[in-house]
Amino acid sequence: MPSVKREQLAAMNWHYKRFSLEYCLDSFERAGYTSVAFWAGPPHYEINDRGYEDVNRLKQKLHDHKLTCTCFTPCSGHQNYQYGIFGKEHIEAAYRYFTNGVHIAAELGASLMSASSGNGFINEPREDAWKRSVDLLRRVAREAEKYGVIITVESLRPPETRIGVTLNDVYQLLAEIDHPNCKAMIDTTAMGVNGENIWQWFEQFGSDIRNLHFIDGNPYGHLAWGDGTFHLADMLECLNHYHYEGPIGFEVTDKRYWYQPELADMQIMKIMSRFIEN
C-alpha cells in the first residue's frame with residue numbers, strides 16, 4: 001500500500017472564509033494536521049502591494065496550534081494581482097504584491113510560495129499575456145532566490161485562463177522563465193479537467209514537481225477526498241514511485257463546504273490516515 005508522512009498533509013483555509021482564523025486553526029488541530037499551506041486573504045490575513053499584516057502574530061498563532069507553514073499562498077488569480085496583468089502600473093503593483101508574498105513565506109519559514117500563470121484579456125493575442133506572465137514570474141523568482149523560496153506554478157482550468165492550462169503549457173512556461181527558483185506544481189482538479197493524469201506530470205517534470213493541490217474531483221469540484229471519482233491509491237502510488245516528499249495541500253473550495261468546513265478536513269484526514277506511515 002502506498003504511504004505518506006503526516007507532515008506532508010497540508011490543510012488549507014480557503015473554505016473557512018466565513019469563519020475566524022482562530023476557528024480555522026482550531027479545526028486543523030482537532031483534525032490532526034501538523035502542516036498548513038496557508039492561503040492569504042481576508043478575513044484571515046491581509047496582503048496587498050503596499051504591505052501586509054504582522055507576520056509574527058500569524059507565526060505565533062500557527063505555533064500555538066502546532067502547525068508548520070510549508071507553503072504560503074497569496075491569491076494569484078484576482079484581476080489586479082495576477083501574473084498576466086496588463087499595464088505598467090498594474091504590473092509593478094502585482095510585482096510588489098507577489099514579492100511581499102515571498103517575504104512573508106520566508107518569515108514564516110515556508111520554503112514554497114504557490115502561483116498560477118495568471119490571465120490576460122480575452123480580446124488580446126494569447127502570446128501577449130503569455131509573455132507578461134513569463135516576465136513577471138521570472139522577476140518574482142529572482143526575488144525569491146534571495147530568500148530561499150521556491151515559486152511553484154500550477155495549471156488552471158480553461159475557464160480560468162488561456163495561459164497555463166495544460167501540462168505542456170506549464171512545461172513551456174517554466175522553460176521560458178528559465179530560473180531555478182521557479183518549479184512545477186500539480187493541481188489535480190485542473191489536471192483531471194484537462195484529461196491528464198498524475199503519472200504524466202511526474203514523467204514530464206520528475207523532481208521538479210515541488211508542490212501539490214491534491215483534491216478529489218468529478219473532474220471539476222476541488223472536492224474533499226471521498227466526494228469525487230479520482231483514484232486516490234493510484235495517485236499516492238505515483239507519489240511513492242517518484243519519491244515525492246513535498247507538501248500535499250488540500251485546496252477544498254466547493255461551495256458545499258462553506259458552512260461546515262471542518263467536516264471536509266475531518267473527512268480528508270480520516271481517508272488519508274489509512275496511508276500515513278506509522
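Residue numbers count from 1 along this sequence. Computed over heavy atoms, backbone and side chain alike; hydrogens, waters and symmetry mates excluded.
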Taking the side chain from [X] and the backbone from [Y], do they hold a donor-acceptor pair closer than 3.5 Å?
X	Y	answer
His103	Thr99	yes
Asn100	Ile47	no
Trp14	Gly41	no
Ser111	Gly148	no
Glu176	Leu173	no
Asn211	Leu112	no
Gln204	Trp201	no
Thr73	Trp39	no
Glu143	Val102	no
His44	Phe19	yes

query: For Arg126, what residues pass the salt bridge (charged side-chain N to carboxylate O under 4.0 Å, His left out) criterion, not counting sequence neighbours?
result: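 Once residues adjacent in sequence are excluded, the partners of Arg126 under the salt bridge (charged side-chain N to carboxylate O under 4.0 Å, His left out) criterion are Asp169.
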
Report yes if the side chains of [X] and [Y] come closer than 4.5 Å at any heavy-atom pair, otherwise no.
X	Y	result
Val153	Leu174	yes
Met269	Leu9	yes
Met191	Arg157	no
Asp265	Tyr257	no
Asp234	Asn197	no

Ignoring hydrogens and geometry beyond distance, is a side-chain donor-acceptor pair present between [X] and [Y] at under 3.5 Å?
X	Y	answer
His222	Asp216	no
His90	Asn80	no
Gln172	Trp130	no
His15	Asp254	no
Ser116	Ser76	yes

message: Test side-chain contact (heavy atoms from CB on, under 4.5 Å) on Asn181 and Ile151; report intermediate values, then the result.
response: CA-CA 6 Å; Asn181 285 66; Ile151 308 300; 5.6 Å; no

- prompt: How many angstroms lie between atom CG of Leu21 and atom CG of Asn13, to the nearest 0.5 angstrom?
  reply: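 Spacing of CG (Leu21) from CG (Asn13) equals 7.0 Å.
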
field: Approximate separation, where rounding is to 0.5 Å, of Cys69 SG and His63 NE2
entry: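 Here the rounded value is 14.5 Å.
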
Which heavy atom of [X] sits nearest to which heavy atom of [Y], and what is that distance?
X	Y	result
Tyr244	Gln8	O-NE2, 3.4 Å
Ile163	Gly118	CD1-O, 3.7 Å
Ser155	Asp187	O-CB, 4.0 Å
Phe98	Pro74	CD2-CG, 4.4 Å
Gly221	Thr253	O-OG1, 4.3 Å

message: For the aromatic rings, using the six-membered ring if either is Trp, is the centroid distance between Tyr52 and Tyr45 under 6.0 Å?
response: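 Ring-ring flag for Tyr52/Tyr45: false, centres at least 6.0 Å apart.
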
Identify, with sequence neighbours excluded, every residue that meets ring-ring contact (aromatic ring centres under 6.0 Å, His included) alongside [X].
X	answer
Tyr97	Tyr81
Phe86	Phe121
His179	none
Phe28	Tyr16

Is any NZ, NE, NH1 or NH2 atom of the basic residue among [X] and [Y] found under 4.0 Å from an Asp or Glu carboxylate oxygen of the other?
X	Y	answer
Arg142	Glu145	no
Lys61	Glu22	yes
Glu262	Arg30	yes
Arg210	Glu245	no
Arg132	Asp135	no

task: Give the intermediate values and the outcome of side-chain hydrogen bond (donor to acceptor under 3.5 Å, both in side chains) for residues Gln267 and Asp227.
output: CA-CA 9 Å; Gln267 178 175 312; Asp227 289 343; 3.1 Å; yes

Candidate pair Ile198 and Leu239, rule side-chain contact (heavy atoms from CB on, under 4.5 Å), full reasoning: CA-CA 9 Å; Ile198 198 168; Leu239 301 188; 3.9 Å; yes

message: Assess the residue pair Glu154 and Val170 against the criterion (side-chain contact (heavy atoms from CB on, under 4.5 Å)); give the C-alpha distance rounded to whole Å, side-chain angles, the decisive distance to 0.1 Å, and a yes or no.
response: CA-CA 7 Å; Glu154 65 175 336; Val170 174; over 6 Å; no

task: Check the pair Phe202 / Ile186 against side-chain contact (heavy atoms from CB on, under 4.5 Å), numbers first and verdict last.
output: CA-CA 9 Å; Phe202 272 94; Ile186 298 174; 3.7 Å; yes

- prompt: Which ILVMFWY residues are connected to Val193, directly or by a chain of links, through side-chain heavy atoms under 4.5 Å apart?
  reply: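 Noted: Val193 shares its cluster with Tyr220.
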
